[in-house]
Amino acid sequence: MSFSEKIIAWYLLNKRDLPWRNTRNPYNIWLSEIMLQQTRIAQGTPYYHKFIDNFPTVEDLANANEQEVLKLWQGLGYYSRARNLHATAKKVVNDFDGEFPTTYKGLIKLRGVGDYTASAIASFCFNEPEPVLDGNVFRVLARYFGVAIPINSSKGSKYFKELAKEVMNIGNIRDYNQGIMEFGSIQCAPKNPKCSNCPLNDGCIALKEDKVHQLPVKLKKTKVKARYFNYLVLMDDDSSTSFIKRTGKGIWQNLFEFPLLETEKEINLEDLKNEISKVVELDEVSNIYLYNEQPIIHKLSHQHLHTKFWILKTHAKIKEGIEFSKLDKYPAPVLIADFIKAFKI
DNA sequence: AACTCGGGGAA
DNA sequence: TTCCCAGAGTT
């Protein structure tokens, strides 16, 4: 048996029954692929069900408003995926009469659809012989063929794409593509791969040369930056607060948060008092206190957010105030949603 | 080519 | 703690 035939054979014996594996509907496949970008299946699966329940078709998704989509996406991270998802749904409905493109070339033009996702949809739904290259596939190919070129270099992406095309199974690209990913996830796992009972262990170069744990090679990760967030949680006599959409560049675009004072380092109450007017207009403040004595360190991929929530009570009515009890209607970062959940007036 | 964009689970 | 997950878009 060839490499690809062994992959397919292993897959047919070991595949998990996942919700999007019982369909070739491009809407369902597209939705699942966007959600699973850089996301574990266990984390993404409940969101897939939520979206299919709320938006059974691409028309339903297109007719929603962005805030509704972001609210359902809340907690899944990488929120540009949700914004692009919504934009693409509208594009498909308005420009393509509700039909997704049926080729790699057509699919990759959609916002949020890159090389991997275009290949996945084209092969899963339309049998187009295009290899998928995700983290699992990079690992399987790098190990089996003993390739030490960094997978996240430009040379690496070209090399692995060519290699993947050479070894793919054109006759059953749907099962082959899903199979090599499943194989990478379960058998050729990043840590403690099961080499002893692996159906490919006789031809695996990394195993023969004892380099399984050195492959794949990945270029250095950038370092994490520390930021210092001070959220001003206003509260007037009607139990309303100021809750505003985060605009501009950077993290959490179009999600909601309290008025934010970002500082170069951690600050105390006196420092804060001098800066309040830069963030909010308040005629009168009757009481200020710090909600969390220890800063909450919310960790993102590239940033650690050292966060303090300051409670500011006022008798003046807050402009465009929102009742605390209604904050959970708005899409918010996990950091904010966790605070709202824990904070009791 | 390097940076940015979340959150969580496993070891 | 560190790694990395069915990656894509921007600079």
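Labels below follow one simple rule: chain letters A, B, ... track the order of the sequence lines, proteins then strands, and each chain is numbered from 1.
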Quiz item: Starting at the 5' end of DNA chain C and moving along, which residue's nearest nucleotide shows up first, A:Ile108 or A:Met181?
Solution: A:Met181
Practice problem: Could you check A:Leu85, A:Asn84, A:Leu110, A:Thr39 and say which one makes a side chain to side chain contact (heavy atoms under 4.5 Å, CB included) with A:Ile34? | Solution: A:Leu85
Exercise. Classify the nucleic acid contact of A:Ser301 as base, sugar-phosphate or nothing, counting any heavy atom under 4.0 Å across all strands shown.
Key: base
Exercise. Indicate whether OP1 or OP2 belonging to C:dT1 is found under 4.0 Å from a side-chain N or O atom of A:Lys299.
Key: yes
Quiz item: To the nearest angstrom, how far is A:Ile251 atom CD1 from B:dC3 atom C1'?
Solution: 15 Å
Quiz item: Mind checking the C1' distance from C:dC4 to B:dC5? Whole angstroms is fine.
Solution: 15 Å
Quiz item: At under 4.0 Å, does any side-chain N or O of A:Gln178 touch on OP1 or OP2 of C:dA6?
Solution: no
Practice problem: Using a heavy-atom cut-off of under 4.0 Å over every strand shown, decide if A:Gly250 touches base, sugar-phosphate, or nothing. | Solution: sugar-phosphate
Quiz item: What's the closest nucleotide to the A:Glu33 side chain, out of C:dG7, C:dA6, C:dT1?
Solution: C:dA6
Quiz item: At under 4.0 Å between heavy atoms, what does A:Arg21 touch on the DNA or RNA strands: base, sugar-phosphate, or nothing?
Solution: base
Practice problem: Output the single nucleotide from B:dG7, C:dT2, C:dC5 whose closest atom is nearest the side chain of A:Lys191. | Solution: C:dT2
Quiz prompt | 5′-ward residue of the pair A:Asn192/A:Gly75 relative to DNA chain B | solution = A:Gly75
Self-check item: Test applied, ring-ring contact (aromatic ring centres under 6.0 Å, His included); reference residue, A:Phe138; option that passes from A:Tyr159, A:Tyr144, A:Tyr116, A:Phe160
Solution: A:Phe160
Quiz item: Just checking A:Trp73: base, sugar-phosphate only, or nothing, at a heavy-atom cut-off of under 4.0 Å?
Solution: nothing
Quiz item: A:Ile336 has an atom CD1; how far is it from atom P of B:dG7, in whole Å?
Solution: 10 Å
Practice problem: Give A:Gln303 one of three labels, base, sugar-phosphate or nothing, depending on what nucleic acid heavy atoms sit under 4.0 Å from its own. | Solution: sugar-phosphate
Exercise. Just compare C:dC5, B:dG6, C:dG9 and give me whichever is closest to any side-chain atom of A:Leu300.
Key: B:dG6
Quiz item: Any luck finding a side-chain donor-acceptor pair between A:Asn177 and A:Ser123 under 3.5 Å?
Solution: yes
Quiz item: Do any side-chain nitrogens or oxygens of A:Trp252 fall under 4.0 Å of OP1 or OP2 in B:dG7?
Solution: yes
Quiz item: What integer distance in Å separates A:Phe183:CZ from C:dA6:P?
Solution: 15 Å
Quiz item: Roughly, in whole Å, what's the span from CD1 in A:Ile41 to P in B:dG8?
Solution: 18 Å
Quiz item: The side chain of A:His298 lies closest to which of these nucleotides: B:dT4, C:dG7, B:dG7?
Solution: B:dG7
Exercise. May I ask you to decide if the ring planes of A:Tyr231 and A:Phe229 are parallel, tilted or perpendicular, using 30° and 60° as cut-offs?
Key: perpendicular
Quiz prompt | Length of the CD1-C1' vector between A:Ile180 and C:dA6, whole Å | solution = 12 Å
Quiz item: Within the structure shown, what part of the strands sits under 4.0 Å from A:Leu76 by heavy-atom distance: base, sugar-phosphate, or nothing?
Solution: base
Quiz item: Are A:Glu128 and A:Thr103 linked by a side-chain donor-acceptor pair shorter than 3.5 Å?
Solution: no
Practice problem: Round to the nearest Å and state the distance from A:His302 atom NE2 to C:dG9 atom P. | Solution: 17 Å
Quiz item: From the list C:dA6, C:dA8, C:dT1, which nucleotide is the closest neighbour of the side chain of A:Gln37?
Solution: C:dA8
Quiz item: Where each residue is assigned the nucleotide of DNA chain C containing its nearest heavy atom, which of A:Leu110 and A:Glu182 is assigned the position nearer the 5′ end?
Solution: A:Glu182
Practice problem: Establish, with yes or no, whether the OP1 or OP2 oxygen of C:dC5 is under 4.0 angstrom from a side-chain nitrogen or oxygen of A:Tyr78. | Solution: no
Self-check item: A:Gln37 and A:Arg81 side chains, donor-acceptor separation under 3.5 Å
Solution: no
Exercise. For A:Asn177, report the nucleic acid contact type (base, sugar-phosphate, nothing); a contact means any heavy atom under 4.0 Å.
Key: nothing
Quiz item: Is a donor-acceptor contact shorter than 3.5 angstrom present between the side chain of A:Thr117 and the base of C:dG7?
Solution: no
Quiz item: Quantified in whole Å, what is the C1' atom distance between nucleotide B:dG6 and nucleotide C:dC3?
Solution: 15 Å
Quiz item: For the pair made of CE in A:Met35 and C1' in B:dG6, what is the distance, rounded to whole Å?
Solution: 14 Å
Quiz item: Can you find an N or O donor on one side and an acceptor on the other, under 3.5 Å apart, linking the side chain of A:Thr39 with the base of B:dG6?
Solution: yes
Practice problem: Looking at every strand, decide which applies to A:Val132 at a 4.0 Å heavy-atom threshold: base, sugar-phosphate, or nothing. | Solution: nothing
Practice problem: Among C:dG7, B:dG6, C:dC4, find the nucleotide with the atom closest to the side chain of A:Arg40. | Solution: C:dC4
Self-check item: Candidate nucleotides C:dT11, B:dC5, C:dA6, ranked by approach to the side chain of A:Lys249 - the nearest
Solution: C:dT11
Exercise. Looking only at side-chain atoms of A:Arg111, point me to the closest of B:dC5, B:dG7, C:dT10.
Key: C:dT10
Quiz item: Is any NZ, NE, NH1 or NH2 atom of the basic residue among A:Lys161 and A:Glu130 found under 4.0 Å from an Asp or Glu carboxylate oxygen of the other?
Solution: yes
Quiz prompt | Between C:dG9 (P) and A:Gln38 (CD): distance, integer Å | solution = 13 Å
Self-check item: Value rounded to 0.5 Å, distance of OH in A:Tyr176 from CD1 in A:Ile7
Solution: 6.0 Å
